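Being a predicted model, the structure only gives us computed values, none of them experimental. Values below: every heavy atom of this structure, side chains too, minus hydrogens, waters and symmetry copies.
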Amino acid sequence: MNKAQARQIARERVAAMRDAERADAAQAAARALIDSGLLRGCVLAYLSLPSEMDTQPLLDACLARGCTVYVPVVRGETMRFVRYTRDCEMRAGAYGIREPIGAESDAVPIAADVCVTPMAAIDAHGNRAGKGKGYYDRYFAVAPSCVRIGYGYDAQVVDAIDDVGAHDVPMQYLATECGCRELR
């Protein structure tokens, strides 16, 4: 299936989940990723939209473990990562995504250890369908040593995504409420 079909299937599956099921899944996915031992040092993560798995349990766990956490800020065609702390003030940024206020000058070093990446859908080979703008693929092109982790619901896993381009960078791991696993 192509990315548009994969997004649609995953969107319908996630929409069918009850709120309590989604909340439990977010806690389980955060626990699985923390238990995996993959999170260390500088972690790039994201502030979830209502349609995505809630990342707040994961962000809280990363900070509690002493990780330095950065989240994306989008300006036009550019995505930068800025420092996130428990007490930072937030505002609605591009696409309605929450972002820290006043952190514009605190850009992430390219040598981030891990990137927890949002996904609309993903297959067993790590091929990810995002929102379609290519922000993360462009980031991974300049940060190839960063460990790439897809983060979301198991309902977002599809059989195969077949319209993968040369610019699409696959995820190396997948963390869902069913656990954290390496992708091949």
Side-chain angles (χ1 to χ4, degrees), residues 14 17-74 79-120 122 126 128 130-131 135-136 139-140 143-157 169-183:
V14 171
M17 295 173 73
R18 297 179 325 277
D19 288 345
E21 186 179 7
R22 290 173 56 133
D24 289 346
Q27 291 291 336
R31 239 183 343 270
L33 189 48
I34 291 296
D35 290 347
S36 75
L38 291 168
L39 298 177
R40 64 192 182 286
C42 180
V43 175
L44 308 181
Y46 63 99
L47 297 163
S48 53
L49 291 168
S51 61
E52 297 171 325
M53 179 177 278
D54 183 7
T55 55
Q56 198 59 56
L58 177 65
L59 296 171
D60 291 344
C62 285
L63 292 171
R65 290 177 60 88
C67 295
T68 304
V69 178
Y70 287 78
V71 296
V73 172
V74 172
M79 178 177 73
R80 296 179 344 143
F81 287 90
V82 297
R83 184 81 180 262
Y84 172 81
T85 62
R86 280 189 184 90
D87 58 348
C88 61
E89 290 185 56
M90 306 297 270
R91 68 174 171 220
Y95 309 105
I97 300 169
R98 292 176 305 138
E99 63 184 38
I101 294 174
E104 291 293 321
S105 62
D106 194 15
V108 70
I110 286 297
D113 297 299
V114 178
C115 185
V116 178
T117 311
M119 59 186 195
I122 194 167
R128 172 187 155 274
K131 301 282 187 192
Y135 291 111
Y136 282 92
Y139 174 75
F140 294 136
S145 65
C146 186
V147 175
R148 303 176 305 275
I149 305 170
Y151 192 74
Y153 301 105
D154 201 59
Q156 293 171 278
V157 179
V169 180
M171 299 293 99
Q172 297 163 300
Y173 296 88
L174 174 62
T176 73
E177 71 275 21
C178 295
C180 184
R181 63 186 182 265
E182 188 171 3
L183 301 171

>> Suppose we screen for side chain to side chain contact (heavy atoms under 4.5 Å, CB included). Which residues come up paired with Cys178, at least two apart in sequence or across chains?
In response: Asp154, Thr176
>> Apply side chain to side chain contact (heavy atoms under 4.5 Å, CB included) to residues Val114 and Arg40 and explain how you reach the verdict.
In response: CA-CA 7 Å; Val114 178; Arg40 64 192 182 286; 3.8 Å; yes
> Which residue pairs pass the salt bridge (Lys or Arg N to Asp or Glu O under 4.0 Å) test with at least one member in residues 19-38, sequence neighbours excluded?
Replying inline: Arg18-Glu21
> Looking only at heavy atoms, which two atoms of Ala64 and Arg86 are closest? And how far apart?
Replying inline: N-NH2, 3.5 Å
>> Within this structure, what is the CE-OH distance for the pair Met79 and Tyr139, rounded to the nearest 0.5 Å?
In response: 8.0 Å
> Given side chains that start at C-beta, do those of Arg83 and Thr68 come closer than 4.5 Å, heavy atoms only?
Replying inline: yes
> Can you check whether Thr55 reaches Val71 side chain to side chain, under 4.5 Å on heavy atoms?
Replying inline: no
>> If the test is side chain to side chain contact (heavy atoms under 4.5 Å, CB included), which one of Leu33, Leu38, Leu183, Thr117 qualifies with Tyr173?
In response: Leu38
> If you look at every heavy atom in Leu63 and Cys67, which pair is closest and at what distance?
Replying inline: CD2-O, 3.9 Å
> Between Gln156 and Met119, is there a donor-acceptor pair closer than 3.5 Å when you use the side chain of the first and the backbone of the second?
Replying inline: yes
> Quick one: side chain to side chain donor-acceptor pair (under 3.5 Å) partners of Thr85, sequence neighbours excluded?
Replying inline: Asp87
> In Å, rounded to the nearest 0.5 Å, how long is the span from OH of Tyr136 to CG of Leu44?
Replying inline: 8.0 Å
> Do you know which two heavy atoms are closest between Ala120 and Gly130, and how far apart they sit?
Replying inline: CB-O, 3.6 Å
> Does Ile97 have any side chain to side chain contact (heavy atoms under 4.5 Å, CB included) partners at least two apart in sequence or in another chain, and if so, which?
Replying inline: Leu49, Tyr95
> Measuring from Ser51:OG to Lys131:NZ, what's the distance to the nearest 0.5 Å?
Replying inline: 4.0 Å
> Under 3.5 Å, side chain of Tyr84 to main-chain N/O of Tyr46, donor-acceptor pair present?
Replying inline: no
> Could you give the distance from CD1 (Ile122) to CE (Met171), rounded to the nearest 0.5 Å?
Replying inline: 6.5 Å
>> When you measure from the side chain of Asp113 to the backbone of Cys42, do you find a donor-acceptor pair of N or O atoms at a distance under 3.5 Å?
In response: yes
>> If the condition is side chain to side chain contact (heavy atoms under 4.5 Å, CB included), which residues does Ala61 pass it with, not counting sequence neighbours?
In response: Ile34
> At what distance, to the nearest 0.5 angstrom, does CZ of Arg181 lie from OG of Ser36?
Replying inline: 13.0 Å
>> Once side chain to side chain contact (heavy atoms under 4.5 Å, CB included) is applied, do any residues pair with Gln172, and if so which ones, sequence neighbours excluded?
In response: Val147, Arg148
>> Give me the atom names and distance for the closest heavy-atom approach of Cys115 to Phe81.
In response: SG-CZ, 4.5 Å
> Looking at CE of Met53 and OG of Ser48, how far apart are the two atoms once the value is rounded to the nearest 0.5 Å?
Replying inline: 9.5 Å
>> I need the minimum non-hydrogen distance between Glu99 and Val73, along with the two atoms involved.
In response: OE1-CG1, 3.5 Å
